[in-house]
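Encoded as structure tokens, the structure appears first; notes follow it.
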Amino acid sequence: MSNNSNAALLEFVIRLGDNNLILGHRLSEWCSNGPFLEEDIALSNIALDYIGQTRILYTYAGTLDGGKTEDFYAYERFEHEFTNALITELPNGDYAHSIARQLYYSVFADLLLTELMKSKDATLAGYAAKAIKETAYHLRHAIDWTLRFGDGTEESHQRMQKAIDDLFMYTGDMFATTENEKSLVAAGIAPDVHSLKAAWTKKVESVLKEATLTMPDAATWQMQGSRTNRHTEHIGYIIAEMQYVTRAYPGNKW
Amino acid sequence: MSNDNQFPLWEVFVQAKSGTPYKHAGSVHAADKEMALMNARDLYSRRNEGIAIWVVPASAIVASSPEETGSFFEPSNDKAYRHPTFYEIPAEVKHI
């Protein structure tokens, strides 16, 4: 593989890993703060699924990147070097906001992984085949709560609708790609993320309709940035907390 | 987390392998059967405990009471002949 396509693949793998790590870290903040015990554990399980997926991806990235370790990608990069979709770094908010984020992201991840299973890159195809089972459950969990809140009490309906509306402007960024990615799409290694948008919209729309919620206006202004190294202000706080120990004690082993 | 306003209680039974009996694993709180099943999956299948789950509303379980222990169970104490210990079990028969 040429250096260019290797760089493109590395960039793509890190993007997938960053999405999983940042969202997993966010969800882990619910641990011990969940609305009730069972749901606390459900979200912690989901967070651990994401961290597990991150490890597969960062380990693979390391093999493409001169033998770097998975810890390097998690603990030794700065905010602007993370390429996670903006929606994954948003604060948890109330439970409706966390569920809306899970719904938007899980529908996307499910579509992406379905395509990625067909990748000509055997490692990515293998990753996708493993991850899609976890993601299918995450999606089921998110849909279940969206229906409960949307079709629940007047207050739960209002709060779910607000969360759906608040987060919608960050959904477009999930579909952002880079110039590099085109070569991977042409080579059958990466799915064409743009092509997932129509199916994503259709699925989200159908869930919201069943939940008696209103799909936000498709013309809503969309914040972009994750593929051009620009983040929301929230990423720095996540990185600071996540990297504190490794920064304070560089190279320490335990 | 508060203990107020907990959802109803469900008992969880997990089957470890195909063909084996379901065993009581514990309980979960849930608003309905779908949530009960998902909660049970999250709590009781995290460490490869099983391949199938039953959830049952705890209120649907009928239990014997401690006062009945005597009349329910003691009569079988002196009926050793009910145990299949007086038979020769053929070597070919397994799983008894």
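Using a 4.5 Å heavy-atom cutoff, the side chains of B/His29 and A/Leu37 are not in contact. Side-chain contact check for B/Asp42 versus A/Glu38: every heavy-atom pair is 4.5 Å or farther apart. Here the side chains of B/Asn39 and A/Phe36 are in contact, with some heavy-atom distance below 4.5 Å. Contact of the A/Leu147 side chain with the B/Glu34 side chain is not registered, since no non-hydrogen atoms from C-beta on lie closer than 4.5 Å.
For A/Phe72, the CZ atom counts as densely surrounded, since its 6.0 Å shell holds more than 12 non-hydrogen atoms of other residues, nucleotides or ligands. By the 6.0 Å contact criterion, CD on B/Glu68 is enclosed, its count of non-hydrogen atoms from other residues, nucleotides or ligands being greater than 12. Taking a 6.0 Å sphere around OH of A/Tyr237, one finds it holds 12 or fewer heavy atoms contributed by other residues, nucleotides or ligands. Within 6.0 Å of NZ on B/Lys79 lie more than 12 heavy atoms contributed by other residues, nucleotides or ligands. Open room surrounds CZ on A/Arg159; 12 or fewer heavy atoms of other groups in view lie less than 6.0 Å from it. Heavy atoms from other residues, nucleotides or ligands lying under 6.0 Å from NZ of A/Lys203 number 12 at most. The environment of CZ in A/Arg55 is sparse: at most 12 heavy-atom neighbours from other residues, nucleotides or ligands sit within 6.0 Å.
By number of non-hydrogen pairs under 4.5 angstrom with chain B, the leading residue of A/His141, A/Glu39, A/Arg148 is A/Arg148.
The structure places CG of A/Asp144 at 4.5 Å from CE of B/Met38, a figure rounded to the nearest 0.5 Å. Summarising the geometry, atom CE belonging to B/Met35 is positioned 3.5 Å from atom CH2 belonging to A/Trp145; distances are rounded to the nearest 0.5 Å.
Looking at A/Ile46, there are no atoms closer than 4.5 Å to chain B (heavy atoms on both sides), in backbone or side chain. Of the atoms belonging to A/Arg140, heavy atoms from both backbone and side chain fall under 4.5 Å from chain B.
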